[in-house]
**Student:** 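For reference, the structure I am asking about is given below.
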Amino acid sequence: MDGGRDPQPLRRLRPHPVGHRLLRERLFEPVVRKRLPAVPPGGTGYAFVDGVAAGHLLAADRGADGERYILADGYASFRELAESAKRIAGRGRVPPVMPVPVARAIATVGAGISRVIRRPPLLPRGQLHYFLWQGHPDSTKAQRELGWEPTPLEDGVRRTLEGMGLLA
């Protein structure tokens with residue numbers, strides 16, 4: 001052994017596939033590049049990586065054993081997220097919100113097509129159900145017990161767009 005180091009090579013951490021694909025590839029970039037025909041209905045809780053990392057460090061330092069902390073920065077509709085991306089990038093287009101019946105039809109048809117072509121559907125039914133549920137994460141316990149501070153939406157979107165090379 002090498003001084004207590006794990007013999008396994010360090011693996012490169014990758015963004016969570018849903019968050020990465022949904023917000024970065026399927027919302028922010030298409031909005032800024034004016035390539036998105038419609039915004040999905042509903043919304044999602046969001047968290048930016050720097051704040052989550054800080055929250056993990058605070059939990060390790062100040063958290064009580066066995067406790068769980070929600071490190072979510074907030075909740076936003078997809079329209080609000082698209083509007084933020086357009087405003088911060090200074091360019092783009094915010095398309096209309098897709099009507100719920102249309103989204104359900106796309107999810108249903110997409111499920112069948114994805115089985116045939118063996119690729120994930122554009123809008124999975126379970127994901128649509130979650131978006132429409134509109135669950136608002138509550139990080140007040142982490143803020144109160146750990147001193148954790150959520151990242152404001154505008155700051156997180158700005159850093160994300162900078163990292164994607166989408167700011168002018």
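As a basis for the values below, the full set of heavy atoms in this structure was taken, side chains included, without hydrogen atoms, waters or symmetry mates.
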**Student:** Closest approach of Leu161 and Phe28, non-hydrogen atoms and distance?
**Tutor:**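 Closest approach of Leu161 to Phe28: CD2-CB, 3.9 Å.
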**Student:** Looking at Glu67, I want to see if its CD is surrounded by more than 12 non-hydrogen atoms of other residues, nucleotides or ligands under 6.0 Å.
**Tutor:** yes
**Student:** Distance check, rounded to the nearest 0.5 Å: Gln143 atom CD versus Leu58 atom CG?
**Tutor:** 11.5 Å
**Student:** Please indicate whether His136 has more than 12 foreign heavy atoms, meaning atoms of other residues, nucleotides or ligands, lying under 6.0 Å from its NE2.
**Tutor:** yes
**Student:** Please say whether more than 12 non-hydrogen atoms of neighbouring residues, nucleotides or ligands are located less than 6.0 Å from NZ in Lys34.
**Tutor:**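 Not more than 12 within 6.0 Å, no.
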**Student:** State whether the side chain of Asp73 and the backbone N or O of Pro150 hold a donor-acceptor pair below 3.5 Å, judged by distance alone.
**Tutor:**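 It does not hold such a pair.
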**Student:** Kindly give the heavy-atom pair with the smallest separation between Arg62 and Glu145, and that separation in Å.
**Tutor:**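 Heavy atoms of Arg62 and Glu145 come nearest at CB-O, 4.5 Å.
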**Student:** Taking all atoms of both residues into account, what is the closest heavy-atom pair of Ser84 and Leu153, and its distance?
**Tutor:** OG-CD2, 3.5 Å
**Student:** Looking only at heavy atoms, which two atoms of Val31 and Pro95 are closest? And how far apart?
**Tutor:** CG2-CD, 4.4 Å
**Student:** Quick test of your reading: applying side-chain hydrogen bond (donor to acceptor under 3.5 Å, both in side chains), list the pairs with at least one residue in residues 100-120, sequence neighbours left out, ordered by first then second residue.
**Tutor:** none
**Student:** With the side chain counted from C-beta on, respond yes when Pro41 and Met98 share a heavy-atom pair under 4.5 Å apart, and no when they do not.
**Tutor:** yes
**Student:** Quick one: closest heavy-atom pair of Tyr75 and Phe131, and the distance?
**Tutor:**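 Heavy atoms of Tyr75 and Phe131 come nearest at OH-O, 4.4 Å.
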**Student:** Tell me, please, which residues at least two apart from Glu154 pass salt bridge (Lys or Arg N to Asp or Glu O under 4.0 Å).
**Tutor:** Arg87
**Student:** Under 6.0 Å from the CZ atom of Arg144, do we count more than 12 heavy atoms belonging to anything else shown?
**Tutor:** yes
**Student:** Keeping to residues at least two apart or across chains, list the ring-ring contact (aromatic ring centres under 6.0 Å, His included) pairs with something in residues 81-103.
**Tutor:** none
